[in-house]
Undergrad: 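What follows is a structure written as structure tokens; I'll ask about it next.
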Amino acid sequence: MTVIDAPRTPAAKPQRRRGINWEKWGWMYMRASGVVLVVLIFGHLFVNLVAGEGVKAIDFAFVAGKLADPFWVVWDTLLLWLALIHGANGMRTLVNDYATNPTVLRILLGAILASTVVLLTLGTLVIYTFDPCPAGQPADLLPSFCPVNL
């Protein structure tokens, strides 16, 4: 007895997506930013909690001294931006996985985007517009590098 193979239809060629694969870049960002964040966070914790006098030294003058140094301004800006975007991307992934209603999906993604933009804007403004030597403050509360107006 001979088995006759039925004619097969040719396999459909996979459609190539055009444009940017945002999921791939989001995945890559999460891995890269996670590694950089580990360094930034542990450096931040070491300087603030371990080095010097530890937690009891954190006051206005300590923060003012750190934000007067361009190195720490860049460090804190990187920490802020990477952490917020990393967290927002994680939330976006969760919403994409669990929100089934298209309207709810759009609302949640819009809320994530809006809150991320607001927090990034406000945080960056605080870092770059912080005045370590506010006028009218007692000299003993100001950092040592502030001029004393008598």
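None of these values were measured; they are calculated from a predicted model. Numbers for residues simply follow the sequence, beginning at 1.
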Undergrad: How long is the straight-line distance from CZ of Arg92 back to OG1 of Thr116, given to the nearest 0.5 Å?
TA: 11.0 Å
Undergrad: Do Phe42 and Phe46 make a side-chain contact, defined as non-hydrogen atoms from C-beta onward lying under 4.5 Å apart?
TA: no
Undergrad: Indicate, with yes or no, if Leu108 and Leu84 share a hydrophobic cluster defined by side-chain heavy-atom contacts under 4.5 Å among Ile, Leu, Val, Met, Phe, Trp and Tyr.
TA: no
Undergrad: At what distance, to the nearest 0.5 angstrom, does CD1 of Ile58 lie from CG of Leu49?
TA: 5.0 Å
Undergrad: Mind checking the CG-CE spacing from Asn96 to Met91? Nearest 0.5 Å is all I need.
TA: 11.0 Å
Undergrad: Is Leu78 reachable from Val36 through a run of I, L, V, M, F, W or Y residues, each pair having side-chain heavy atoms under 4.5 Å apart?
TA: yes
Undergrad: Is there a path of hydrophobic side-chain contacts, each under 4.5 Å between heavy atoms of I/L/V/M/F/W/Y residues, joining Phe71 to Val74?
TA: yes
Undergrad: Per the side chain to side chain contact (heavy atoms under 4.5 Å, CB included) rule, which among Leu40, Asn48, Val47 passes with His44?
TA: Asn48
Undergrad: Is there side-chain contact between Val118 and Leu122, with heavy atoms separated by less than 4.5 Å?
TA: yes
Undergrad: State, with a plain yes or no, whether a side-chain heavy atom of Ile41 is found less than 4.5 Å away from one of Leu79.
TA: yes
Undergrad: Measure the spacing between CG of Asn21 and CE of Met28 and express it to the nearest 0.5 Å.
TA: 10.0 Å
Undergrad: Hey, any chance Leu80 and Val35 share a hydrophobic cluster, counting ILVMFWY side chains that come within less than 4.5 Å of each other, even indirectly?
TA: no
Undergrad: For Ser33 versus His86, what's the shortest heavy-atom pair and its separation?
TA: OG-ND1, 2.7 Å
Undergrad: Residues in side-chain contact (heavy atoms from CB on, under 4.5 Å) with Lys56, at least two apart?
TA: Glu53
Undergrad: Let me see the working for Phe62 and Lys66 under side-chain contact (heavy atoms from CB on, under 4.5 Å), right down to the final yes or no.
TA: CA-CA 6 Å; Phe62 178 81; Lys66 272 186 69 180; 3.7 Å; yes
Undergrad: Going from CG on Asp76 to OH on Tyr128, what distance comes out if it is rounded to the nearest 0.5 angstrom?
TA: 9.5 Å
Undergrad: State the CD1-OG1 distance between Ile112 and Thr93, to the nearest 0.5 angstrom.
TA: 9.0 Å
Undergrad: Just by distance, with hydrogens left out, do Thr124 and Trp81 show a side-chain donor and acceptor under 3.5 Å apart?
TA: yes
Undergrad: Quick one: closest heavy-atom pair of Leu37 and Ala83, and the distance?
TA: CD2-N, 3.7 Å
Undergrad: Is the closest side-chain heavy-atom distance between Ile85 and Leu120 below 4.5 Å?
TA: yes
Undergrad: Within the structure provided, determine whether Leu82 and Tyr29 are in side-chain contact (heavy-atom separation under 4.5 Å).
TA: yes
Undergrad: Taking the six-membered ring for Trp, are Trp22 and Trp25 ring centroids under 6.0 Å apart?
TA: no
Undergrad: Is it true that Val117 and Leu109 fall in one hydrophobic cluster, defined by side-chain heavy atoms closer than 4.5 Å?
TA: no
